[in-house]
Structures are given as C-alpha cells and as structure tokens.
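A short worksheet on the structure shown next.
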Protein chains: 2
Amino acid sequence: MSRWEPDARGRLEKAALELYNHQGFDATTVAEIATRAGVTERTFYRHFADKREVLFPADNPLPDILAGATAAAPLPLAPLEVITRALVEAAPVFEEREDLAPQRQAVIAANPELQERELAKLAALASTLAHTLRQRGLENTTAALAAEIGIAAFKVAYERWVNDPDRHPLAQHIRETLDTARHLIAPPDQATATDDVSRTGQESVA
Amino acid sequence: MSRWEPDARGRLEKAALELYNHQGFDATTVAEIATRAGVTERTFYRHFADKREVLFPADNPLPDILAGATAAAPLPLAPLEVITRALVEAAPVFEEREDLAPQRQAVIAANPELQERELAKLAALASTLAHTLRQRGLENTTAALAAEIGIAAFKVAYERWVNDPDRHPLAQHIRETLDTARHLIAPPDQATATDDVSRTGQESVA
DNA sequence: TACCCTGATGTCACGAACTGACATCAGGGT
DNA sequence: ACCCTGATGTCAGTTCGTGACATCAGGGTA
C-alpha cells in the first residue's frame with residue numbers, strides 16, 4: 001500500500017469547504033484545514049496557490065466548453081446568439097454537484113476576498129471568450145465587448161438562478177436574461193411591447 | 001507647528017506609486033513605502049486597508065457622479081442611453097491627473113492581485129449603478145443587467161482609450177463602444193432603426 | 001535480488017502582511 | 001492651568017506563503 005492516504009487534494013477541498021462554512025473564511029487557518037485533511041500546511045500550498053484558490057477547482061471545464069461551443073457555432077449567427085448558445089451549453093456544469101454549490105456560494109457571498117477571486121475567474125472566462133470570437137473573424141472591440149456582455153449577462157442569470165424559489169433551470173434564466181438585454185435599448189414605456197417582439201422563436205438551440 | 005509633517009496619506013500614496021513602478025508591486029514591502037514617506041509601517045495601515053488599496057483612492061468621486069447623472073437623466077430614456085450619459089459625464093475624472101494615471105495603470109496591468117482589486121471596484125460601481133436604476137423604476141433584473149453591461153462597455157472603452165495612439169477623448173470611446181453594444185444587442189433587422197433612434201449627435205461608428 | 005529514481009509528502013526556517021494594545025504629545029477648547 | 005482629542009509611534013504576536021532539504025514507498029532496470 002502507498003505511503004499516504006490517496007487524494008490529499010480532495011480531502012483538502014472537503015476540509016476547507018467544511019471549515020469555511022462552519023466558522024467562516026477569515027476565522028479558518030490553513031493549518032486547521034491541513035490538520036483536518038491529515039496533511040501538513042506545506043502540502044496545502046503544494047496543491048493550491050493560496051487560501052482562496054481551494055474554492056476554485058483547477059480542473060474547471062468551463063473555458064474549454066465555452067471555447068468549444070463558440071468555435072463550433074454556425075458562422076452567420078449574431079455574436080450574442082453565439083454566446084447565448086455557449087452559455088446554455090455550459091449551464092449543466094453548474095447544475096451538477098448541486099449539493100456542494102450552495103455551500104460554496106454562501107461562503108463566497110460572505111467574503112469580499114473570495115468575491116474578488118470569483119470576479120477574476122469570470123474575467124478570465126471573458127478573455128478566452130473574446131479570443132475565440134476573434135478567431136471567428138470578429139473585430140477586436142466587438143469581440144471583447146460581446147464577451148464582456150455575455151459574462152455580464154451570465155452573472156445576472158446565475159444570481160437569479162441561485163435565488164429562484166421555483167428552481168427553474170439555469171439555461172432558462174440565461175435565455176431570459178439575454179432577452180432582457182433587448183429591453184435596454186428601448187425606452188421604458190415600450191418595454192412590455194418589446195417583450196412580445198423578443199419572444200419570437202429563441203428555442204431553436206439544438 | 002504640528003508634531004509631524006502634514007499629509008502623511010498623500011506622501012504614502014506617492015511613495016507607493018513610485019516604488020511599485022520602479023521595482024514592482026511584489027518586490028516592494030510596506031515597510032519600504034512607510035520609510036520613504038517618513039512614517040512607520042503601522043501608520044500605513046491606518047490610512048489604507050492593505051498594500052493594494054493605496055492605488056485606489058478613497059475619495060473616488062465616481063460613484064457619486066454616476067449615481068447623480070443616472071438619477072438626473074430624463075425618465076423616458078432607454079436604460080442604456082441613461083448609462084451612456086452617466087459614463088460620459090464621469091469621463092473627465094479619468095482624463096484629469098493624466099500624468100499619474102498611466103503609471104498607475106501600468107502597475108495594475110503588471111499584477112494579477114491588483115487587477116482583482118480593480119475588478120472589485122468596478123463591480124461595486126455596477127452595484128451602485130444598479131441601485132440607482134432601480135430607484136428610477138426599473139425592474140430588478142433589468143437594472144442589474146443594464147448596470148453590468150454599462151460597466152462592461154466602460155471597461156472596453158477605457159482599454160481602447162488607454163491604447164489609442166490618436167488620444168481621442170474617453171467620452172468618444174465610450175459612445176462608440178456603447179453604440180457597438182447596441183448593434184450587438186439589437187436583432188439584425190432592427191439594427192438600423194435602433195441606430196437612428198439611439199443617435200444622439202455627432203458620433204458615427206466606422 | 002539489488003539498485004536507483006521519482007514523486008508526493010514532511011520538516012524547518014524565515015520574510016512579509018496584517019492586527020491589537022498601549023504610549024506619546026502638540027494643539028485646541030474650557 | 002487643565003483636560004481631551006487625534007494622529008502617530010512602539011511592540012508583540014498571528015497568519016500567510018515560500019525556499020531548501022530530508023524522507024521513503026513503489027516502479028523500473030540490471
């Protein structure tokens with residue numbers, strides 16, 4: 001048998017989430033996490049760059065999914081439509097592990113340092129999205145803007161989903177939010193009218 | 001005369017910017033900054049929450065300007081138009097102090113920790129913007145989305161402005177970028193019509 | 001079988017980021 | 001003459017994060 005229990009990384013993630021949840025991020029020391037996971041503090045830092053990073057899985061498939069879906073979308077599609085499809089395709093990633101996600105989300109919501117890190121991850125996502133859009137032939141500014149808008153919409157959609165008492169699928173919130181975007185360029189009194197217009201056949205995602 | 005040289009805070013800001021610029025953020029210790037400013041390390045932490053915060057002025061007028069301009073805009077305007085005006089009105093804040101801004105920007109661009117902090121500041125801005133839009137009567141999701149998209153557009157516009165060899169005014173980049181955003185958001189068949197409606201004057205997207 | 005190599009971990013030492021508690025003392029008000 | 005306040009100094013301590021080196025099971029190879 002091997003010298004140590006296997007999956008030290010997994011144990012560290014679990015221990016960290018439990019402690020952060022139970023006593024707060026600030027009140028938890030890396031030494032505590034390590035002890036609970038049965039390793040030393042030094043080993044924690046061999047697996048995670050810092051105390052925050054343990055909440056942001058390194059094997060995150062999101063960039064690849066978004067890039068793949070974006071690159072694969074039919075060329076004549078409008079940029080925002082491409083992004084909508086990519087985000088919808090990525091939605092399941094958030095819906096699996098539905099047991100741990102709320103804990104994780106609560107911890108992050110309770111701590112500004114962790115929110116900063118989350119914003120950084122989202123910005124990185126926007127960056128890869130912009131890169132992929134450029135490869136589709138979009139001009140620089142357009143690509144960057146479309147990517148940023150897409151991520152912005154995702155942030156809002158995710159927020160809605162987390163707080164949705166009816167537990168509608170994330171994909172639905174994404175589509176609705178991106179539909180809402182269309183209201184933004186119309187004066188407020190036309191909002192309801194625009195609502196009808198925008199509801200024309202957006203369900204064609206394969 | 002007073003017991004110490006006045007404006008310790010200002011001296012700390014200056015010393016920090018110089019050192020960050022000259023030897024990098026990581027390679028600079030708070031002790032160094034304090035010594036150069038003629039105070040102790042402890043005093044640094046009385047003025048700034050942490051080593052990063054010294055680059056993000058506490059007297060930042062941006063939130064107030066944005067909130068004020070947003071609240072004051074005519075009610076029938078489309079949300080994105082309201083935001084465009086607010087951002088344009090805030091633009092001068094970035095264009096004054098044009099001597100220090102590039103240094104500051106270079107330091108931030110060179111360090112991920114500082115970029116995280118900048119993203120957090122922008123997110124806070126989006127949050128106040130959303131709050132003000134809600135007070136104008138906008139529904140929750142619409143307000144949040146408009147604010148996020150506005151900040152997203154601002155990020156892109158600011159990036160363009162910083163790298164603009166022709167040094168066009170920031171306000172122009174903001175208008176152009178938000179015009180691009182309208183094209184992205186509007187369904188293709190409505191794009192030209194929306195273009196006429198949203199046109200506020202001289203600008204034209206090439 | 002005997003040997004070496006590798007990779008994951010432990011051990012130790014240390015600098016640098018922050019924080020709490022208490023001391024100091026000019027200037028202003030009473 | 002007195003006290004109060006606010007900005008700073010002093011000091012001790014915790015925690016984060018890193019470099020350098022030691023350990024040793026398991027796998028490959030002669």
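Chain identifiers are assigned alphabetically (A, B, ...) following the order of the sequence lines, protein sequences preceding nucleic acid strands; residue numbering begins at 1 within each chain.
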Contact check, residues 106-118 of chain A vs DNA chain D, heavy-atom distance under 4.0 Å, returns none
* Look at the aromatic rings of B:Phe25 and B:Tyr20 and report parallel, tilted or perpendicular, splitting at 30° and 60°. => perpendicular
**Asked** Between B:Lys121 and B:Glu53, does at least one N-O distance fall below 4.0 Å, as a salt bridge requires?
**Response** yes
- Any donor-acceptor pair under 3.5 Å from B:Thr177 side chain to B:His173 backbone: yes
State whether the side chain of A:Arg160 and the backbone N or O of A:Leu170 hold a donor-acceptor pair below 3.5 Å, judged by distance alone.
no
Notebook entry, point to check: Is there a donor in the side chain of A:Glu32 and an acceptor in the side chain of A:Gln23, or the other way round, less than 3.5 Å apart?
Noted result: yes
Are the charged groups of A:Arg104 and A:Glu13 less than 4.0 angstrom apart, N to O?
no
For residues A:Val162 and A:Glu159, determine if any side-chain heavy atom of one lies less than 4.5 Å from a side-chain heavy atom of the other. no
Point to revise | B:Arg175 side chain to B:Thr180 side chain, donor-acceptor N/O pair below 3.5 angstrom | key: no
With sequence neighbours left out, the residues meeting ring-ring contact (aromatic ring centres under 6.0 Å, His included) with A:Phe44 are A:Phe48
Could you go through the salt bridge (charged side-chain N to carboxylate O under 4.0 Å, His left out) check for B:Arg117 and A:Glu113 one step at a time?
CA-CA 9 Å; B:Arg117 180 58 54 85; A:Glu113 292 179 63; over 6 Å; no
Protein-nucleotides 17-19 of chain C N/O pairs under 3.5 Å:
unit_1: C:dA17; atom_1: OP1; unit_2: B:Lys51; atom_2: NZ; d: 3.3
unit_1: C:dA17; atom_1: OP2; unit_2: B:Val30; atom_2: N; d: 3.3
unit_1: C:dC18; atom_1: OP2; unit_2: B:Lys51; atom_2: N; d: 3.0
unit_1: C:dC18; atom_1: O5'; unit_2: B:Tyr45; atom_2: OH; d: 3.4

Rounding to 0.5 Å, atoms CG (B:Leu66) and CZ (B:Phe154) come to a distance of 8.5 Å
By salt bridge (Lys or Arg N to Asp or Glu O under 4.0 Å), A:Glu139 pairs with (sequence neighbours left out) none
Counting only Watson-Crick and G-U wobble pairs with both atom distances below 3.5 Å, the stems of 3 or more consecutive pairs that include DNA chain C are C:1-30 with D:1-30
Report each atom pair, protein N/O against N/O of nucleotides 2-9 of chain C, whose distance is under 3.5 angstrom.
unit_1: C:dT9; atom_1: OP2; unit_2: A:His47; atom_2: NE2; d: 2.9

